Amino acid sequence: MQKYISLFFSVLLFLTACQSEDRPKGVLNEKDMISLLLDIHLTDGSVYQVPQVPDSLYKYSSQKYVALFKRHHTTDAVYKTSLKYYSTQPEKIQDIYSKIEAIIKAKVDSLNKVTAAEAAKAKPAPAGPTPVPTPKSSNPNPSSKPVLKEIK
């Protein structure tokens, strides 16, 4: 009995060690997965900017995700299959997310540069207090008191 148990685990170990590194059919390649995940995370961010009232998340997000999958020529089933596959490959999913992080960082840096350039184009406020114009009096003699006229 001991022989059969050790033989079973030896064969099991051998079969799991000899798995193919090829992607299964129906799984997105890494480049497409990076692009899809990036867009999904950006869409998630835009969806969560909408005030959270009942059903608003479903109302606003469902059409965005449908359009996103159409833009990438895929379906949510292929996405789920691909995510499940890459989740079992820790090195690959870590590499994918490090690339996504670099892309998002580059986009944020680009937006910061544009914002800084727009702020630099705006004229800076003059240093020091600005003089406030004083209203001119219609009375030619400022030392005299105003005269009240009687109305008949």
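Model, not experiment: these values are computed from the prediction. Heavy-atom basis, side chains included; hydrogens, waters and symmetry copies ignored.
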Checklist entry - In Å and rounded to the nearest 0.5 Å, what is the CG to OH distance from Leu37 to Tyr86? => result 9.5 Å

Item to check | Reported OH-to-CG distance for the pair Tyr79 and Leu36, which is rounded to 0.5 angstrom | outcome: 6.5 Å

Next on the checklist: For a quick test of reading the model, state the closest non-hydrogen atom pair linking Thr88 to Pro90 and the distance between them.
Outcome noted: O-CD, 3.3 Å

Next on the checklist: To check you understand the geometry: which heavy-atom pair defines the closest contact between Thr43 and Lys64, and what is its length?
Outcome noted: CG2-CB, 3.9 Å

Checklist entry - Between Asp76 and Val66, is a side chain to side chain contact (heavy atoms under 4.5 Å, CB included) present by the stated rule, with each step listed? => result CA-CA 9 Å; Asp76 62 334; Val66 168; over 6 Å; no

Checklist entry - Shortest non-hydrogen contact from Ser82 to Leu28? => result OG-N, 2.8 Å

Checklist outcome for this item: Of all heavy-atom pairs linking Asp32 and Asn29, the shortest is N-OD1, 2.8 Å

Checklist entry - Side chains of Asp39 and His72: is there a donor and an acceptor less than 3.5 Å apart? => result yes

In residues 93-103, what donor-acceptor pairs under 3.5 Å come from side-chain atoms, sequence neighbours left out?
| residue | atom | partner | partner atom | Å |
| --- | --- | --- | --- | --- |
| Asp95 | OD2 | Lys99 | NZ | 3.3 |
| Tyr97 | OH | His41 | NE2 | 3.0 |
| Ser98 | OG | Gln94 | O | 3.4 |
| Ser98 | OG | Asp95 | O | 2.8 |

Checklist entry - Do Thr75 and Phe69 pass the side chain to side chain contact (heavy atoms under 4.5 Å, CB included) test, and can you show the C-alpha distance, the side-chain angles, and the key distance before you say yes or no? => result CA-CA 6 Å; Thr75 62; Phe69 287 126; 5.9 Å; no

Checklist entry - With no hydrogens and no angle check, is any side-chain donor or acceptor of Thr115 less than 3.5 Å from a backbone partner on Leu111? => result yes

Next on the checklist: Please say yes or no: joined through hydrophobic side-chain contacts below 4.5 Å, possibly via intermediate residues, are Leu42 and Val114 part of one cluster?
Outcome noted: no

